[in-house]
Amino acid sequence: MELLFGSNTLITKKMSQTVPLIVRLLASSVSVANRAGKIVRDIMSKGELGIIEKGKDDYQTEADRSAQRCIISSLSAQFPKIKIIGEEDGNENQTSDEYLVLDADKDILSLECPDGLKEVKEEDVVVWVDPLDGTAEYTQGFLEHVTVLIGISVNEKPIAGVIHQPYFKTIVGNESKMGRTIWGLKDAGVGGFTPGSPPESLILTTTRSHSNPLVENALQVMKATQILRVGGAGYKVLQLLEGKASIYVFASPGCKKWDTCAPEAILTAAGGKLTDILGSSYKYGATVSKPNKSGVLAAVNDELHTYAINRIPQELKDKLSA
Ligand SMILES: Nc1ncnc2c1ncn2[C@@H]1O[C@H](COP(=O)(O)O)[C@@H](OP(=O)(O)O)[C@H]1O
Ligand SMILES: [Mg+2]
Ligand SMILES: [Mg+2]
Ligand SMILES: [Mg+2]
């Protein structure tokens with residue numbers, strides 16, 4: 001009787017406690033990323049991509065626009081004071097009831113919030129949204145490279161994030177399920193996939209569609225046994241998380257804060273590191289410049305990250321220093 005009374009009290013106490021903002025925001029981000037992934041698939045199935053050329057080798061499709069509208073409408077409806085920055089211009093203030101998602105993932109809601117994040121307020125948070133990472137690959141049919149990225153930063157640092165893969169196929173019995181969502185939270189861990197150990201030999205991952213002589217130079221000096229060339233910052237960091245590659249090298253401007261915020265948060269939560277090619281961390285506050293001018297260098301652990309930084313020639317570092 002005493003035991004029953006004790007556990008009931010505990011349950012009541014737990015339910016009456018409110019879930020911290022960061023956990024609620026991550027749980028909502030997981031739900032909305034799933035919906036954005038469905039939008040990305042539906043637009044591809046209809047076949048009307050509505051491609052716009054934003055710049056050289058830089059495209060936007062109806063999927064980028066609609067997925068961003070879904071994510072920004074849904075998160076701003078629930079967290080009105082949070083600053084949300086999305087890749088696609090002219091979309092920030094557009095809200096749409098059609099795509100409104102007000103659910104929050106139940107498993108994430110039950111995560112224990114790390115002590116240092118329990119008191120975070122909406123005003124301290126900036127969310128970076130890449131509604132479709134790997135647009136070039138999306139238009140060319142390399143659909144498994146495509147991800148939806150929602151990165152959560154607090155006081156300029158990426159502390160949580162979601163990478164959703166709309167085209168990841170899981171076979172359950174006779175049925176196949178499309179899409180999976182990977183998440184990470186600083187000091188709490190990562191989930192949604194099976195982490196893999198780094199490969200035995202040095203395997204690099206890099207851009208498939210935005211290479212240039214600087215990018216190639218940085219790859220050559222690493223003395224790797226293999227170089228994987230795939231689309232999207234999200235997909236490349238997933239390859240690190242899954243043990244398919246150990247270093248992501250991109251010695252070029254081109255990636256922006258929305259490309260790296262979510263991947264950096266998840267990689268860091270898993271024990272890895274993402275910086276520019278000089279080894280300095282990017283900041284993710286509301287007023288920072290959007291381009292990652294000094295490239296991207298990410299590794300599964302500190303040792304491999306240091307190895308890579310040390311191999312980049314000083315001349316190349318000078319060329320890319322901001
Ligand atoms: N030279 C460049 N010009 C424009 N965008 C670039 C770029 N280099 C990289 N990016 C952006 O960085 C992300 C990862 O690039 P990559 O696949 O080449 O590694 C892509 O995001 P989006 O697909 O979301 O635009 C891509 O557009
Ligand atoms: Mg783009
Ligand atoms: Mg991107
Ligand atoms: Mg994009």
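Atoms within a ligand are numbered from 1 in the order they appear, just like the ligands themselves. Positions are given from 1, in the same order as the sequence printed here.
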side-chain hydrogen bond (donor to acceptor under 3.5 Å, both in side chains) evaluation trace for R208 with Q140: CA-CA 12 Å; R208 197 194 133 264; Q140 294 164 19; 2.8 Å; yes
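Near ligand 1, residues D58, E87, D130, L132, D133, G134, T135, T207, S209, H210, G231, G232, A233, K236, F250, G254, C255, K256, D259 each place a heavy atom inside the 4.0 Å sphere around the ligand atoms.
With respect to T205, the side chain to side chain donor-acceptor pair (under 3.5 Å) criterion is satisfied by exactly one of K236, Q239, K244, R229: Q239.
Counted by atom type alone, Q60 and E88 present one or more donor-acceptor pairs between their side chains at under 3.5 Å. Looking only at atom types and distance, the side chain of E264 has no donor-acceptor partner in the side chain of T268 under 3.5 Å away. A side-chain N or O of S252 and one of N212 form a donor-acceptor pair less than 3.5 Å apart.
Around the Mg ion (ligand 3), protein N, O or S atoms at a distance under 2.8 Å total 3; waters are neither shown nor counted.
Taking Ile, Leu, Val, Met, Phe, Trp and Tyr as hydrophobic and joining them when side-chain heavy atoms fall under 4.5 Å apart, one finds I52 isolated, its cluster having no other members.
Residue E119 qualifies as open at atom CD: its count of foreign heavy atoms under 6.0 Å is 12 or below.
You'll find the side chain of S201 stays beyond 4.5 Å of the side chain of Q226, heavy atoms only.
Evaluation of the ring-ring contact (aromatic ring centres under 6.0 Å, His included) rule for Y235 yields H145 as partners, not counting sequence neighbours.
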